[in-house]
2 protein chains.
Amino acid sequence: MSADADEQSFLADYDPRAFPPVAVTVDLAVLTVRDGQLCALLIRRGAHPYRGRWALPGGFVGAREDLDAAARRELAEETGLDGHAHLEQLASYGAPDRDPRMRVVSVAYLALAANLPRPVASTDAADARYWPVADLRDGEHPALAFDHDRILADGVERARAKLEYTSLATTFLEEPFTIAELRRVYEAVWGVELHPANFRRKVLSTPGLVVPTGEERATGRGWAELYTRGATTNLHPALLRPRPAA
Amino acid sequence: MSADADEQSFLADYDPRAFPPVAVTVDLAVLTVRDGQLCALLIRRGAHPYRGRWALPGGFVGAREDLDAAARRELAEETGLDGHAHLEQLASYGAPDRDPRMRVVSVAYLALAANLPRPVASTDAADARYWPVADLRDGEHPALAFDHDRILADGVERARAKLEYTSLATTFLEEPFTIAELRRVYEAVWGVELHPANFRRKVLSTPGLVVPTGEERATGRGWAELYTRGATTNLHPALLRPRPAA
DNA sequence: GTAATAGTGTCTATAAGACAGTATCCG
DNA sequence: CGGATACTGTCTTATAGACACTATTAC
């Protein structure tokens, strides 16, 4: 009741046996674009609970490990990522019953990477592959384990939103890339068709977004100029996705 | 090494004594606008560590308590908030040494509320008051306890960004309010001056953002029309803050 | 009167949506 | 040839920034 009741609860925390056991994990929503579709890396669980169900990759946070470091370690373990991928914290999920075994608070991360050849089904899981998120949404495949449907949905929405005002779309591509390839990333992530001419004008009129290499690449028909990522990370004004009618 | 090494680590978690003790807390960045300044609610710590330092309000997450529920409970305890305040998860902070006593992972929340008369210095802390965030930034006052400077800075930036594309600014005001009062919220949060005429046009041209009551209020000089919050929560197009030069 | 504020109207620059049109290549 | 793609250019509309102007009130 006194002014340091707050402190007493902290002191209670100080005794390892005085507070309820909680595990802290990181879960990863790893997104990439494959064959024109936004895909998420999923792991098939080999044991209970949710045995046989697909789940986001993730794992325990080490005793003296930073949250970001744990996410980076898991990303490397699950994808064998060598190049630079984007990694950012997404949100935390801690419903008391989200894991039937014990109280688990999961700090979810969002990772964006260029098309990865091998899903690395070796290390930690029974199976691993990239699933188109559109298929998962349609209920065509069973729901994910735990609350991972929700986490993945939040991650996809974060990625969709960030394409509007950042240069993150370029992290889905290997350098160098063409303007049309960049446009197809936007189209895959947003699930819409964009006007090629207007998209091109918008991208090239944003200083420092992409840097022309001077090279060209033979595409399906014709030749397309090649670009690398520029220094600009924030888009002003934004490249807004088409709204579902006004 | 086998396909369920992942599972083994989960089973290890299942034994409460087999994983390192971690405490999960919620910390609140409670923002309000007082006297034209964006202010944050801070609590003066009455005990070690960081005794006497100002800190964000927060506390332990109950054994079977959801994260959001813990944040709502703490907000009610610390502010005595009766009316509707906005509350959303901000991010999680889990550097291994952020609390000298033990491993603590804090899930931070951002709360926005209308001007609150009494800081409620009674319940949990030695002292409590609203501090203008501009003063804290200038280093005019000592740094906050733990990593709360960082959390508060992240919360302020989140609030600033969300004013651009949501109707959240209205949660800083009691109804009914004038367009000028709403503008002063934007000016306080962003720390800039806005053009009154253009701001008015923008707000009134966004359908459903504010609803005229038909009443008027005597202001300093003259009469101003009164409005209440509308149903629109997302602003399209956004009300972008002035950028520090192009 | 002056100073400050609420509110209206207008001009201009910018940017986006729509679309015409050329050049190139594949089949 | 038709069809698809890379790329250029133009027209229209919507919006934001800047600013002129009136009305009202406090002092």
Side-chain angles (χ1 to χ4, degrees), chain A residues 36 163-165 169 173 176-188 190 192-227 232 234-246, chain B residues 36 163-165 169 173 176-188 190 192-227 232 234-246:
Chain A
L163 287 211
E164 291 191 317
Y165 59 96
L173 294 171
F177 50 83
T178 69
I179 300 291
E181 287 168 348
L182 184 59
R183 175 169 49 83
R184 280 185 213 105
V185 166
Y186 275 90
E187 293 176 333
W190 287 347
V192 298
E193 292 215 335
L194 297 178
H195 197 119
N198 293 341
F199 181 85
R200 177 186 182 80
R201 176 185 56 188
K202 173 67 183 175
V203 169
L204 294 183
S205 69
T206 303
L209 177 56
V210 296
V211 179
T213 62
E215 310 280 306
E216 293 195 332
R217 173 191 294 166
T219 63
R221 285 145 185 86
W223 295 79
E225 295 167 21
L226 290 171
Y227 299 84
T232 298
N234 285 347
L235 271 43
H236 290 297
L239 205 170
L240 296 176
R241 51 187 147 167
R243 302 289 161 185
Chain B
L163 287 211
E164 292 191 316
Y165 59 95
L173 293 172
F177 50 83
T178 69
I179 300 292
E181 287 168 346
L182 184 59
R183 173 169 50 80
R184 280 185 213 105
V185 166
Y186 274 90
E187 291 176 336
W190 286 347
V192 299
E193 292 215 335
L194 297 179
H195 197 117
N198 293 343
F199 181 85
R200 176 186 182 81
R201 178 184 56 187
K202 173 66 184 176
V203 168
L204 294 183
S205 69
T206 302
L209 176 55
V210 296
V211 179
T213 63
E215 311 279 307
E216 293 197 331
R217 173 190 294 166
T219 65
R221 287 143 184 86
W223 294 79
E225 296 166 19
L226 290 171
Y227 299 83
T232 299
N234 285 346
L235 272 43
H236 291 298
L239 206 169
L240 296 175
R241 51 187 147 168
R243 303 289 160 185

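Just the heavy atoms: all of them, side chains too, but no hydrogens, waters or symmetry mates, feed the values below. Residue numbering restarts at 1 for every chain, and letters A, B, ... go by the order of the sequence lines.
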Round to a whole Å and report the spacing from [atom1] of [X] to [atom2] of [N].
X: A:Glu193; N: C:dA18; atom1: CD; atom2: P; result: 13 Å
X: B:Leu194; N: C:dT5; atom1: CG; atom2: P; result: 14 Å
X: A:Glu216; N: C:dA23; atom1: CD; atom2: P; result: 16 Å
X: B:Leu239; N: D:dA16; atom1: CG; atom2: C1'; result: 10 Å
X: B:His195; N: C:dC11; atom1: NE2; atom2: P; result: 16 Å
X: B:Arg217; N: D:dT25; atom1: CZ; atom2: P; result: 17 Å
X: B:Leu182; N: C:dG7; atom1: CG; atom2: P; result: 13 Å

List the atom pairs, with distances to 0.1 Å, where a side-chain N or O of residues 194-203 of chain B and a protein N or O form a donor-acceptor pair under 3.5 Å, not counting sequence neighbours.
| from | atom 1 | to | atom 2 | distance (Å) |
| --- | --- | --- | --- | --- |
| B:Asn198 | OD1 | B:Arg201 | NH2 | 3.4 |
| B:Lys202 | NZ | B:Pro237 | O | 2.9 |

Sugar-phosphate only, base, or nothing, as touched by B:Arg183 at under 4.0 Å among non-hydrogen atoms: sugar-phosphate

Sugar-phosphate, base or nothing in reach of B:Arg241, heavy atoms under 4.0 Å: nothing

Axis-to-axis angle between the two ends of the helix from C:dG1-D:dC27 to C:dG27-D:dC1 (five base pairs per end, rounded to 10 degrees): 10°

Residues in contact with DNA chain C, drawn from residues 197-214 of chain B - heavy-atom cutoff 4.0 Å: B:Ala197, B:Arg200, B:Arg201

Nearest-neighbour nucleotide for the B:Trp223 side chain, D:dT24, D:dA6, C:dG7 considered: D:dT24

Contact check, side chains of [X] and [Y], non-hydrogen atoms, under 4.5 Å:
X: B:Leu204; Y: B:Val210; value: yes
X: B:Leu240; Y: B:Tyr165; value: no
X: B:Glu215; Y: B:Leu226; value: yes

[X] side chain to [Y] main-chain N or O, any donor-acceptor pair under 3.5 Å?
X: B:Thr232; Y: B:Pro207; answer: yes
X: B:Thr178; Y: B:Ala224; answer: no
X: B:Glu193; Y: B:Glu187; answer: no
X: A:Tyr227; Y: A:Thr213; answer: no

Nearest heavy-atom neighbours spanning A:Glu181 and A:Arg217: OE2-NH1, 2.6 Å

